[in-house]
Number of protein chains: 2
Amino acid sequence: MKKEKVRERIIRVASELFYKQGYNSTGINQIIAEANIAIGSLYNHFSSKNDLLQAYLIKEELGWFEGYENSISTISDPKEKLLALIDYRKKLQQASKFAGCHFIKIVSEIGEGNPSVSAFATQHKEKQKDLIRTLAHEYGTEAKLTDTDSIADHIFLLIEGAVVTSTINKQTDSFDQIKKIVQGLLP
Amino acid sequence: MKKEKVRERIIRVASELFYKQGYNSTGINQIIAEANIAIGSLYNHFSSKNDLLQAYLIKEELGWFEGYENSISTISDPKEKLLALIDYRKKLQQASKFAGCHFIKIVSEIGEGNPSVSAFATQHKEKQKDLIRTLAHEYGTEAKLTDTDSIADHIFLLIEGAVVTSTINKQTDSFDQIKKIVQGLLP
DNA sequence: GTCTATACGCAGATAGAC
DNA sequence: GTCTATCTGCGTATAGAC
């Protein structure tokens with residue numbers, strides 16, 4: 001197992017804090033304390049706190065898709081892949097103790113005054129929707145369905161609704177609800 | 001027209017700033033500057049910034065339900081009232097330039113370290129769901145539908161998904177999508 | 001490359017004059 | 001009740017020794 005480099009450790013620590021406490025509530029001093037480095041080292045690796053924020057967003061995006069790919073590695077049926085997506089989001093919520101979607105969270109906090117963050121989140125969600133569209137289209141070809149894009153939009157919105165609702169409630173029932181609904185949408 | 005009192009003006013100014021900029025990004029100094037008062041006056045009316053936050057949440061909750069009641073004052077059909085709820089959320093998003101749901105936003109920002117804020121948001125969303133449940137039940141009685149609670153949950157999750165999606169996208173198309181879906185759910 | 005020391009500003013909050 | 005002046009602490013970021 002390769003030794004974790006300083007830069008990676010900084011990103012990992014900062015990511016956890018940004019996610020759990022919020023970006024504005026996380027100070028540079030806390031990051032360097034928990035990463036066990038001096039402030040000079042941090043600014044040697046990153047030019048500003050905002051620079052660190054960009055690294056955080058990129059890391060989370062890559063991790064999100066990697067995690068999903070892993071979770072469907074043994075599945076070939078597109079309908080099952082869509083249902084696995086719901087399970088994946090549910091699992092992420094449980095693992096984070098319902099801390100919510102990284103991208104919705106950061107946009108809620110600083111999206112207004114930070115166009116690059118806002119644009120990043122928009123693109124990320126667009127990729128998620130594309131993923132669902134592709135799977136729905138695959139399924140539709142087999143099942144002779146038309147208008148799979150509308151079904152994909154419906155599924156996407158249900159998942160987003162379930163994620164925010166589970167974040168507010170700190171419960172997973174919304175995922176169980178949408179899983180039933182989605183099964184009904186894909187006969 | 002009655003003169004706006006100082007306390008009301010403080011809450012109004014703070015609410016706008018909390019909503020647009022975020023709570024942590026809004027300083028006391030900015031609030032007093034835009035409200036045209038001295039800092040001593042603010043602390044005469046509110047014991048802390050957190051106290052002001054509570055007033056903000058209460059005001060937004062009252063305003064939300066008042067606004068909805070106004071928008072359905074001429075409607076009696078429960079199905080139309082449900083569709084009007086979608087129009088209402090769409091209108092709020094447009095009026096705020098897609099600043100999002102007040103409660104999702106504040107929980108995203110400071111929910112983790114502030115249980116009272118988190119609890120307030122949970123209750124608020126529960127009230128919204130109750131509203132939808134009641135309307136769905138009314139509709140179901142007329143239309144001889146069973147399991148109107150499941151339909152209500154479905155509608156609730158679609159609306160939440162549409163709100164967050166429109167906040168990220170800065171577009172209203174998600175509302176148009178769910179309006180069609182909901183019309184299909186209520187035959 | 002990593003460290004310590006420090007600059008500089010703004011945060012929330014308080015004291016006391018009027 | 002509203003004002004001005006001020007306290008204390010933490011925020012981000014930089015300078016310069018090693």
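In what follows, chains are A, B, ... by sequence order, proteins preceding strands, each numbered from 1. Since this is a predicted model, take the numbers as computed values, not measurements.
Residue A/Asn36 contributes atom CG, which lies 13 Å from atom C1' of C/dT2 at whole-angstrom precision. Atom-to-atom, CD1 of B/Ile31 to C1' of C/dC10 comes out at 14 Å; the value is rounded to the nearest Å. Rounded to a whole Å, the CZ atom of B/Phe18 is 9 Å from the P atom of C/dG12. Atom CD in B/Gln21 sits about 14 Å away from atom C1' in C/dA11, given to the nearest Å. What separates CD1 of A/Ile28 from P of D/dG11 is a distance of 10 Å, to the nearest Å. If you measure from atom CD of B/Gln30 to atom C1' of C/dG9, you get 16 Å, rounded to the nearest angstrom.
Each of B/Thr148, B/Asp147, B/Thr146 was evaluated against B/Ser150; a single residue qualifies, B/Asp147, per the side chain to side chain donor-acceptor pair (under 3.5 Å) test.
At a cut-off of 3.5 Å, with distance as the only test, no side-chain donor of A/Ser108 or B/Glu109 sits close to an acceptor on the other residue.
As judged by a 4.0 angstrom heavy-atom cut-off over every strand, B/Ile39 is placed among the base-contacting residues. In this structure, A/Gly40 reaches the bases: a heavy-atom distance under 4.0 Å links it to at least one base atom across the strands shown. Looking at heavy-atom distances under 4.0 Å, A/Thr26 makes contact with sugar-phosphate atoms alone, never a base. Using a 4.0 Å heavy-atom cutoff across all strands shown, A/Asn29 reaches at least one base atom of the nucleic acid.
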query = Can you list the steps and then say if B/His124 with B/Trp64 is a ring-ring contact (aromatic ring centres under 6.0 Å, His included)?
reply = CA-CA 10 Å; B/His124 175 77; B/Trp64 193 95; 5.7 Å; yes

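Using the six-membered ring where Trp is involved, A/Tyr56 and A/Phe18 have ring planes that are perpendicular, over 60° apart on the 30 and 60° scheme.
Counting only heavy atoms from C-beta outward, the side chains of B/Lys81 and B/Tyr139 never approach each other to under 4.5 Å.
Panel note: side chain A/Lys49, backbone A/Thr26; a donor-acceptor pair is recorded below 3.5 Å. With A/Lys97 contributing its side chain and A/Lys170 its backbone, the two residues share no donor-acceptor pair below 3.5 Å.
For DNA chain C, the neighbouring residues in residues 42-54 of chain B, judged by any heavy atom under 4.0 Å, are B/Tyr43, B/Ser48, B/Lys49.
At least one side-chain nitrogen or oxygen of A/Ser41 sits closer than 4.0 Å to the OP1 or OP2 atom of C/dC3.
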